Amino acid sequence: MSTRHPLHLNRRQIIRGILATTAFGVSSRLWTGCTPNTPPSATTPATPTNSASTGAVKPITMGFIYVGPKDDYGYNQAHALGKEGVSKLPWVKTVEQANVPETTEVQEAMRNMIEQDGATVLFPTSFGYFDPHILKLAQEYPEVQFFHCGGLYVDGKHPKNVGSYYGYIDEAQYIAGIVAAHTTKTGKLGFVAAKPIPQLIRNINSFTLGARSVNPKITTQVIFTGDWSLPVKEAEAANSMIDQGVDVLTCHVDSPKVVMETAEKRGVFCSGYHANQAILAPKGYITGAEWDWTNVYSRYAEMIRDGKTLMNGGISHLVRGGLKDGFCKLSNYGSVVGEAAKKDADAAKAKFIDGSMVIYKGELKDNTGKTVVASAKEYKQEDPELEKMNWLVEGVLGSATS
Amino acid sequence: MATESIGWWGVPLAIAAGTIRGSAPFLFVSLGECLTEKSGKINLGLEGTLLMGAMSAYAISYLSSSNGIPTWLAPWLGVFTAGVAGMLLGTIHGWLSQQPKVNDVAVGIAMIIFGSGIAFFFGKAFIQPVAPQLPAFELGNWSDIPSIKAALKISPLFLIGVAIAPIMQWFFKSTRWGLYIRAVGDSPEAAKAMGISVYKVRMFSIIAGSFLAGIGGAYLSLYYPGSWSERISSGQGLMAVALVIFARWNPVQCLYAALLFGGAQAIGPALQSVGVNSYYYLFNASPYIFTLAIMIITCSPKRTLSGSPGALGTEN
């Protein structure tokens, strides 16, 4: 069939076009790439503490990599806000890349940031980036520091230039649990979860323990969707829990937007996660556990400016903190939250801030009846034992094993 | 509170509700693909068209409602725009895939990347805002049980999709235009001898199919789950293209296949909500297991796939 029509191109034209496009593509490296986000004040003199030694501080280039879009009302938005915050420091230059899957693609993203943008500090933020991608690149670039969010650094096993940071956001979840327990009418809470990793399980447990500190009869139903971002499954999970009588929903998925909107549409309450979602559920939003990464990233930037590194031991390989250290915060209480709930929640918050609160203290049983924390035993928040959590506390309906 | 909890009845209810809520995108995309493939061309790019439809519907619904268009009209404008956006992508595919010595599968893969790329690019600004949503018919008001009320909320778009399936069947079977499409798909030489322009018929089929796929995208972002994000389709467009083969290029069977897949999405969450906690990855994979099982049961070594258009995927 050689039907001729007006848009027909002959072979020569096509070859010319291909050549032109290739030339365009090859040269594109020269004029695009990650735009460095240097604030206009970058030329201002450095802070006095440093000008003494070096005269002017060389800008620190920090690279941030997110697994999803930057404005998803969730995990990535929280990190991107942290990046925005740290980029306001005059001696910090930031580059970022969003939508990087947890495959070899993240290795390419990291390599580009190191080679092309001169990044010496990387924050690949998604959990699945750690093993093997960060570990592999860390061996290849021993002078670059890799900080991973949520990974469990093992001394001796992992390269020296890898560090891990995470917040005890379960403290905020504990308080959200208290508020939820005061708000629920059916005594059934729901938790839409992605994958059973220790941090997520810890959020479920803390939320449940917070709720049961108010009313020991409350249960939390958990549904695992199987991945970090599956909007249709998340909506199905929320709907089927509401069908079962759950009337306060919270979640741990990358973007809580769908869960919050579904809860609002069905007229039940919801508690946010990662970022503030009050605007999505004006009627039913009770509170939420939010990150405050600006604080964390700025502290890292200051340590690096002062010459501290992971390799010389100036920066701890494991950085952790909770409400007290400003790693996380709570959303403002919604209009439906009663006075009693606010009082209990504020009391628990005060105890977290003065350090006297311990969530995991004996005796605790898991939901199969086995004792997981012996009586008289206490796991403080920083206890590494808690980062291996693979059990669901009594009162959770669900199972952490697939 | 006795009426609040429905226990094990929740599972069939959730599957039924999931069928009503979740099958429309599968339905629209597979009907669109069915129309396209009947004319002898494959359009794998419908995944990109679905995303583009979802994005443009959400964006138009949001923009028009914030510019003074009443909130009952804004989402419908979004639906229409989604269809038009689909048609634009379809035009590109229709033109490219009919060039001499161009493989339509390869063009389709390029169109997936192109469609999702521009949807992500223009969609950046619309992830955060909340757009007015499509209305639903509340057919469950006879019941006191809130979960049944919620399950029986039916989107008019879904009903339109259900109506299109038999209409398309009749169109293929009993109309002159349907005959043209089938002729072009089965034997382009014969169609040419009849005096039909193969190029125009295929172009029409691809554009119309892409229009339907765009509408499927509008359903995703404006009804269920009802927000725009880059993961909104999570491969549903590609699944729907595969459904057409599963449905043997028959629109009514496309409807059944779409219903099956929509319902199967709800199985995993519904079983967990009543306390079946093990094997949820397996339950989440149930639609694919169904597909494999049905393919194995219905296949035969003695003949090729029945219903397959004769010229499907061949060079023009």
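First the proteins, then the strands, lettered A, B, ... as listed; each starts at 1. It should be emphasised that the depicted structure is a prediction, and the values quoted were computed from it without experimental measurement.
- Taken from OG in B/Ser273 to CD in A/Gln244, the straight-line distance is 4.5 Å, to the nearest 0.5 Å.
- Of the atoms belonging to B/Lys149, not a single heavy atom falls under 4.5 Å from chain A.
- Residue-environment remark: NZ (A/Lys365) stays at or below the threshold of 12 foreign heavy atoms within 6.0 Å.
- Here the side chains of A/Pro69 and B/Ser229 are not in contact, with every heavy-atom distance at 4.5 Å or above.
- A/Ser255 does not touch chain B: none of its heavy atoms, backbone or side chain, sits under 4.5 Å away.
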Verdict with supporting geometry, B/Arg21 and A/Glu236, side chain to side chain contact (heavy atoms under 4.5 Å, CB included): CA-CA 9 Å; B/Arg21 284 190 294 247; A/Glu236 279 303 331; 3.1 Å; yes
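- If you measure heavy-atom distances from A/Glu234 to chain B, you find no contacts under 4.5 Å at all.
- For A/Val192, no part lies near chain B; criterion is any non-hydrogen pair under 4.5 Å.
- No side-chain donor-acceptor contact under 3.5 Å links A/Gln221 and B/Gln272.
- A/Gly68 approaches B/Arg231 most closely through the heavy-atom pair CA-NH2, 3.9 Å.
- Of the listed residues (A/Gly190, A/Ser229, A/Gly267, A/Ala238), the greatest number of heavy-atom pairs within a distance under 4.5 Å of chain B belongs to A/Ser229.
- At a 4.5 Å heavy-atom cutoff, the contact between A/Asn99 and chain B is made by side-chain atoms alone.
- For A/Ala235 against B/Pro225, the heavy-atom pair with the smallest separation is CB-CB, 4.1 Å.
- Here the side chains of A/Asp227 and B/Tyr281 are not in contact, with every heavy-atom distance at 4.5 Å or above.
- Between B/Gln128 and A/Ile279 there is no side-chain heavy-atom pair separated by less than 4.5 Å.
- Of all the heavy atoms in A/Lys257 and B/Ile127, the pair that sits closest is NZ-O, 2.6 Å.
- Residue B/Lys124 places its NZ atom among more than 12 non-hydrogen atoms of other residues, nucleotides or ligands, all under 6.0 Å distant.
- Judged as a salt bridge (charged side-chain N to carboxylate O under 4.0 Å, His left out), and not counting sequence neighbours, A/Glu105 has no contacts.
- Here B/Gln265 contributes atom CD and A/Leu230 contributes atom CG; the two are 9.5 Å apart, rounded to the nearest 0.5 Å.
- Interface summary for chain A: among B/Ala14, B/Ser227, B/Ser234, the most heavy-atom pairs under 4.5 angstrom belong to B/Ser227.
- Interatomic distance, B/Ile267 CD1 to A/Ser240 OG, rounded to the nearest 0.5 Å: 12.0 Å.
- The two residues B/Gly226 and A/Lys265 come nearest to each other via the heavy atoms CA-NZ, 4.3 Å.
- Within a 6.0 Å sphere centred on CZ of A/Phe224, other residues, nucleotides and ligands contribute more than 12 heavy atoms.
- For the options B/Ala151, B/Gly18, B/Ser233, heavy-atom pairs under 4.5 Å to chain A are most numerous at B/Gly18.
- A/Val232 approaches B/Ile232 most closely through the heavy-atom pair CG2-O, 4.3 Å.
- Between B/Tyr224 atom OH and A/Thr262 atom OG1 the span is 6.5 Å, to the nearest 0.5 Å.
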